[in-house]
Amino acid sequence: MSQPLPKLGILAGGGTLPARIAAAVRGQGREVFIVAFDGHTDPATVEGLPHLWSRFGAAGSIIDRLKKEKVGELVFAGPVRRPSFTELLPDWYTTKFLAKVGTRALGDDGLLRSVARELEGEGFRVVGLHDLLGELLTPAGPVGRLRPDAEAERDIARAVEVARTLGALDVGQGAVVQQGIVIAVEAIEGTDAMLARCAGLARPGPGGVLVKVKKPQQDRRLDLPTMGVTTVENAARAGLRGIAVEAGGSLLVDRAAVAEAADRLGLFVVGITVASETRS
């Protein structure tokens, strides 16, 4: 007789991903426990499910509760706005952790890697969203009817170069390029805020493209680039004509709805292959 799957702890950020993961694993007969974060997690995510509401700085009590709940595996799901130190209000456990990681906490990827190592040191196994819902990984090729033309392909190549350079510095995962000109790059504000800036920066002529790729050094279990219908709508609002995301290295939430929105708004959405080598 096969062993039952361990209880899954979901460290829930915003959006619909945490609820999707919870529904999927519960459909497999697996128990879940959700850690919801004040000001980030949608309250609907935890309705009817065992959960804990907490703040980011209360790592000690979060870990104690996860152990009490006999959670075996943990997954990070959904975007979060990185809190300031004042908002963090670290407990003693968190204070010791931040002192230990030092400058590794300056970038999102470095911080998440350190958090994952700390959780594994506490006896949990950290898994990726793609381990639980492989169909979320972006496929190669067009998602809707439209495809990039030659000029858009050149803008995509330029944006990939820019995004990977920034990613290697642990800055962001996305860039917008129009006619070879870098219009915007993503940093701590996130994709939606970056796209909002682009509306007033567009040049005459064919619209720009948004590219999202994972950072070269990124742990695939942690914070893969994610896009869904909202990204398509915001890209259209910003005057872009297409979106390219890394095939196999990003998450596509609700592919059918993304394809419908892209076709309706006249944008291409395409999964692209990105070279795996990292910069030195």
Side-chain angles (χ1 to χ4, degrees), residues 1-37 40-54 56 62-63 65-80 108-109 111-140 143 173 191 212-215 218-231 245-259 271:
M1 181 180 296
S2 61
Q3 292 292 322
L5 292 169
K7 183 184 289 190
L8 178 70
I10 302 174
L11 303 175
T16 63
L17 272 177
R20 285 174 177 267
I21 292 295
V25 299
R26 291 181 73 227
Q28 300 165 0
R30 187 173 183 180
E31 292 184 89
V32 300
F33 182 80
I34 299 176
V35 177
F37 294 100
H40 296 267
T41 309
D42 183 347
T45 300
V46 302
E47 287 182 5
L49 297 175
H51 65 275
L52 165 69
W53 279 100
S54 185
F56 287 115
I62 291 172
I63 289 172
R65 182 65 180 276
L66 290 171
K67 289 180 177 179
K68 182 180 178 181
E69 295 289 337
K70 295 182 170 53
V71 167
E73 294 184 343
L74 289 172
V75 64
F76 294 81
V80 295
D108 287 340
D109 186 66
L111 178 59
L112 284 173
R113 283 173 176 266
S114 296
V115 169
R117 280 193 294 268
E118 188 74 14
L119 291 169
E120 289 174 332
E122 292 287 350
F124 304 105
R125 178 173 179 257
V126 178
V127 299
L129 288 167
H130 59 283
D131 295 318
L132 303 168
L133 280 181
E135 63 268 26
L136 285 178
L137 283 174
T138 303
V143 174
Q173 301 171 321
T191 303
K212 295 191 71 173
V213 296
K214 72 178 186 298
K215 298 170 184 175
Q218 194 160 359
D219 187 329
R220 279 167 52 90
R221 301 172 301 171
L222 312 172
D223 193 30
L224 283 181
T226 303
M227 72 153 291
V229 172
T230 299
T231 312
V245 287
E246 183 173 352
S250 62
L251 302 173
L252 182 62
V253 181
D254 200 340
R255 180 179 179 181
V258 167

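The first residue of the sequence shown is numbered 1, and numbering continues consecutively from there.
A salt bridge links Glu69 with Lys7; the closest basic N to acidic carboxylate O contact falls under 4.0 Å.
Looking at heavy atoms from C-beta onward, Arg20 lies in side-chain contact with Asp254 at the 4.5 angstrom threshold. The shortest distance between side-chain heavy atoms of Phe33 and Leu74 does not fall below 4.5 Å. Counting heavy atoms from C-beta outward, Leu252 and Val143 have side chains that approach closer than 4.5 Å. With contacts defined as side-chain heavy-atom distances shorter than 4.5 Å, the pair Arg30/Leu8 qualifies. At least one side-chain heavy atom of Val35 sits less than 4.5 Å from a side-chain heavy atom of Leu66. Residues Leu17 and Thr226 have side chains in contact (heavy-atom distance under 4.5 Å, counting atoms from C-beta outward). A 4.5 Å side-chain heavy-atom check between Ile10 and Phe76 finds every atom pair outside the cut-off. Side-chain contact between Leu49 and Arg26: present, with at least one pair of heavy atoms (C-beta onward) separated by less than 4.5 Å.
Summarising the geometry of Thr41 relative to Ala12, their closest heavy-atom pair is OG1-O, 2.5 Å, with the distance given to 0.1 Å. Across all non-hydrogen atoms, the minimal contact from Gly249 to Pro225 is O-CD, 3.4 Å. Listed here is the closest heavy atom pair of Ala22 and Ile34: CB-CD1, 4.4 Å. Here the shortest heavy-atom pairing between Pro6 and Gly72 reads CB-CA, 4.0 Å. Here the closest non-hydrogen pair linking Pro18 and Thr45 is CB-CG2, 3.7 Å.
Residue Leu52 holds its CG atom at 5.5 Å from CZ of Arg65, rounded to the nearest 0.5 Å. For the atom pair Leu11 CG and His40 NE2, the distance stands at 13.0 Å (nearest 0.5 Å). Atom NZ of Lys70 is separated from atom NZ of Lys68 by 9.5 Å, given to the nearest 0.5 angstrom. Between the CZ atom of Arg255 and the CE atom of Met227 there is a distance of 11.5 Å, given to the nearest 0.5 Å.
The side-chain hydrogen bond (donor to acceptor under 3.5 Å, both in side chains) test with Glu246 singles out one residue from Lys212, Gln173, Lys214, and that residue is Lys214.
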Pair up each side-chain donor or acceptor in residues 123-138 with any protein partner under 3.5 Å, not counting sequence neighbours, and list the distances.
| unit_1 | atom_1 | unit_2 | atom_2 | d |
| --- | --- | --- | --- | --- |
| Arg125 | NH1 | Glu73 | OE2 | 2.6 |
| Asp131 | OD2 | Gly128 | N | 2.8 |
| Thr138 | OG1 | Ser250 | O | 3.3 |
| Thr138 | OG1 | Ser250 | OG | 2.8 |

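Partners of Phe37 according to the ring-ring contact (aromatic ring centres under 6.0 Å, His included) rule, which considers only residues two or more places apart in sequence or in another chain, are Phe56. Residues passing the salt bridge (charged side-chain N to carboxylate O under 4.0 Å, His left out) test with Asp42, sequence neighbours excluded: none.
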